[in-house]
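I have placed the structure first, in the form of structure tokens, so that the comments after it can refer back to it.
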Amino acid sequence: MLAAFVSTPAPKDPLSVLEVGDRPEPEVPEGWTTVTVKAASLNHHDLFSLRGVGLPAERMPMILGCDAAGVDEDGNEVVVHAVISSAGWTGDETMDPKRSLLSEVHQGTLAERVAVPRRNIVAKPAELSFAEAACLPTAWLTAYRMLFVRSGLRPGSTVLVQGASGGVATALIKLGSAAGYRVWVTGRSEEKRAAALALGADQAFESGARLPERVDGVMETVGEATWSHSIKSLKPGGVVVTCGATTGFGPPAELNRIFFTQLSVVGSTMGTREELDQLIQMCRVTGVRPQIDVELPLAQARDGFERMLEGRTAGKIVFTL
Ligand SMILES: NC(=O)c1ccc[n+]([C@@H]2O[C@H](COP(=O)([O-])OP(=O)(O)OC[C@H]3O[C@@H](n4cnc5c(N)ncnc54)[C@H](OP(=O)(O)O)[C@@H]3O)[C@@H](O)[C@H]2O)c1
């Protein structure tokens, strides 16, 4: 079957090891099922996988991709929950120390078919297209959990989103504004800031700009390049929720500001199956839909990876089958 995959890691030149071609049909363990993929979306995670981050060479070849929407063996339209918990785990899947994401241990979603545990299948409502539904399981679920589960912020709060155009950033802007937060955004270009305003952001600023006032919360996906600004932008007692560090994990940690102004630093990762279902219901009820940058046939996956690597994104990149 057609798939986008990696056979050897390339920390410095990830696109050089991206392969789009034939891979064997998925193996289906007991309790698992096969989903015929109609749409799959790209995440920064897939670039990290090409670099070998979280995916050692001994687990390759590995089909990339965490996110998919498609049709199950009974013909039902479904969304795949990407968090694979260990056998016998109950409760919050994101707290399982042995969990993995699709494409880390088990073959991923950028393929014609993917095998997943039966419990990882969630019904797709007809109102959402396959392309829209395929955006939800990683970037959008992560944004949902950051805003509504981990931040402790209530509607009416002012929230700064670092980065305007990324998959998680656009989800934070759309979900946050739909839920009644005042959403401020930083973006690296005029064009990206204008796009963020069109998505529902209240105000957009240049990366690192001094804000008109300090904010209640910051949503961080960028890491080293914006961390200092995030900490300095918070009101005393504010919260920064971090789910990623695209630009690096390094200092400065700003520890003096964190303790002196009594800030909270909260980690967040993915979301539970139940939260994915709630996110889907929120999309239904509010009419909010993922911002899709471009839809490409899977055979043209390289174009999508190039756009993400170069930062030429305006929402989610979706591959269709
Ligand atoms: N923990 C989890 O469960 C989880 C889940 C999903 C994602 N993540 C992580 O979250 C991060 C974002 O993922 P994604 O899929 O949204 O990636 P993406 O679509 O490639 O978005 C990248 C974002 O980073 C911003 N950015 C990049 N370099 C920057 C710089 N030098 N200065 C300021 N902003 C910069 C971009 O801002 P502009 O708009 O200004 O270009 C853009 O908003 C990744 O590190 C990913 O691994 C973690």
Side-chain angles (χ1 to χ4, degrees), residues 14 41-51 53-55 64-67 81-84 92-95 99-104 134-147 149-150 160-175 185-199 201 204-209 218-230 241-250 266-272 275-276 279 290-294 304-318:
S41 78
L42 186 63
N43 290 290
H44 216 94
H45 184 273
D46 302 307
L47 283 178
F48 284 132
S49 298
L50 291 171
R51 295 182 195 273
V53 178
L55 181 61
L64 300 163
C66 303
D67 292 351
H81 182 220
V83 183
I84 310 296
D92 185 331
E93 298 94 334
T94 66
M95 296 292 178
R99 73 184 184 277
S100 66
L101 297 187
L102 283 171
S103 79
E104 291 178 348
C135 298
L136 300 181
T138 296
W140 275 64
L141 180 59
T142 300
Y144 181 95
R145 185 171 172 95
M146 290 172 80
L147 283 169
V149 182
R150 300 290 288 156
L160 176 68
V161 176
Q162 294 284 17
S165 67
V168 182
T170 52
L172 287 164
I173 296 166
K174 281 198 152 191
L175 289 172
V185 176
T186 63
R188 288 182 290 172
S189 70
E190 188 59 50
E191 189 188 359
K192 291 184 179 211
R193 292 190 289 276
L197 294 174
L199 294 181
F205 306 91
E206 288 180 27
S207 302
V218 180
M219 301 295 129
E220 250 294 347
T221 66
V222 181
E224 200 168 316
T226 53
W227 184 258
S228 212
H229 181 253
S230 294
V241 185
T242 171
C243 81
T246 305
T247 58
F249 302 96
V266 175
S268 194
T269 202
M270 299 295 287
T272 64
E275 287 158 8
L276 176 58
L279 165 62
Q291 181 66 19
I292 296 178
D293 174 18
V294 63
F305 277 82
E306 273 172 5
R307 287 173 84 99
M308 180 167 274
L309 185 65
E310 291 162 10
R312 287 187 289 118
T313 50
K316 293 289 292 173
I317 294 164
V318 176

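We count ligands from 1, going down the list as the structure has it; atoms in each ligand are counted the same way.
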If we number the atoms of ligand 1 from 1 as shown, the ones under 4.0 Å from a heavy atom of Gly163 are 37 (O), 39 (O), 43 (O)
Taking distance alone, with N or O pairs closer than 3.5 Å, would you say Val222 contacts ligand 1? no
Check the surroundings of atom CD in Glu206: do more than 12 heavy atoms from other residues, nucleotides or ligands lie under 6.0 Å from it? no
Return the residue, atom name and 0.1 Å-rounded distance of the protein heavy atom closest to atom 2 (C) of ligand 1. Thr269 OG1, 3.4 Å
Do the non-hydrogen side-chain atoms of Arg145 and Met270 ever get within less than 4.5 Å of each other? no
Side-chain heavy-atom pair Trp227, Thr242 within 4.5 angstrom cut-off: yes
Does the side chain of Val318 reach to within under 4.5 Å of the side chain of Cys135, using non-hydrogen atoms? yes
Within-cut-off N or O pair, Thr246 and ligand 1, under 3.5 Å: yes
Proximal ligand 1 atoms for Thr221, defined as those under 4.0 Å from one of its heavy atoms: 10 (O), 11 (C), 12 (C), 45 (O)
What protein heavy atom sits nearest atom 3 (O) of ligand 1, and how far away is it? Met270 N, 2.8 Å
Do ligand 1 and Arg188 have nitrogen or oxygen atoms that lie under 3.5 Å from each other? yes
Within a 6.0 Å radius of atom CD on Glu224, are there more than 12 heavy atoms belonging to other residues, nucleotides or ligands? yes
N or O contact, Gly311 vs ligand 1, cut-off under 3.5 Å: no
Minimum non-hydrogen distance to atom 4 (C) of ligand 1, winning option of Ala196, Ser268, Cys243, Gly208: Cys243
Should Leu141 and His81 count as side-chain neighbours, where that means a heavy-atom distance under 4.5 Å? yes
Based purely on interatomic distance, does His44 place a nitrogen or oxygen under 3.5 Å from a nitrogen or oxygen of ligand 1? yes
Ligand-side contact atoms (ligand 1) for residue partner Gly187, heavy atom cut-off under 4.0 Å: 40 (O)
Drop me the distance from Glu93's CD to Thr272's OG1, to the nearest 0.5 angstrom. 5.5 Å
With heavy atoms of Ala225 as the reference, note each atom of ligand 1 found under 4.0 Å away. 30 (C), 31 (N), 32 (N)
heavy-atom search around atom 19 (O) of ligand 1 in the protein gives Gly167 N, 2.9 Å
When only distance counts, is Ser165 in polar contact with ligand 1, meaning an N/O pair under 3.5 Å? yes
Can you spot which of Glu191, Lys192, Arg312, Arg188 makes a side-chain hydrogen bond (donor to acceptor under 3.5 Å, both in side chains) with Ser165? Lys192
Give the atom numbers and elements of ligand 1 that come within less than 4.0 Å of a heavy atom of Ala164. 37 (O), 38 (P), 39 (O), 40 (O), 43 (O)
side-chain hydrogen bond (donor to acceptor under 3.5 Å, both in side chains) partner of Lys316, the single match among Thr170, Asn43, Thr138: Asn43
Evaluate Asn43 for polar contact with ligand 1, using N/O atom pairs at a separation under 3.5 Å. no
Short N/O distance, under 3.5 Å, between Ala139 and ligand 1? no
Going by the atom numbers of ligand 1, which of them fall below 4.0 Å from some non-hydrogen atom of Phe48? 45 (O), 47 (O)
Is the shortest heavy-atom distance from the side chain of Arg99 to the side chain of Thr269 under 4.5 Å? yes
Nearest protein heavy atom with distance in Å, relative to atom 5 (C) of ligand 1: Thr142 OG1, 3.1 Å
Taking 4.0 angstrom as the limit and counting only heavy atoms of Thr247, give me the atoms of ligand 1 inside it, by number and element. 28 (N), 29 (C), 30 (C), 31 (N)
Calculate, to the nearest 0.5 Å, the distance between atoms CE and CG belonging to Met146 and Leu172 respectively. 5.5 Å
Hey, does Val185 have a side-chain heavy atom less than 4.5 Å from the side chain of Arg193? no
Compare all side-chain heavy atoms of Leu175 with those of Leu279 and state whether any distance is below 4.5 angstrom. yes
Min side-chain heavy-atom separation Thr94-Glu275 under 4.5 Å: no
Please classify the Ala245 to ligand 1 contact at 4.0 Å (heavy-atom distances, strictly less than): side chain, backbone, both or neither. backbone
For Gly244, is at least one N or O under 3.5 Å away from an N or O on ligand 1? no
Test of proximity, Gly166 against ligand 1: N or O pairs below 3.5 Å: yes
Atom indices of ligand 1 within 4.0 angstrom of Val168 heavy atoms, with elements: 6 (C), 7 (C), 13 (O), 16 (O)
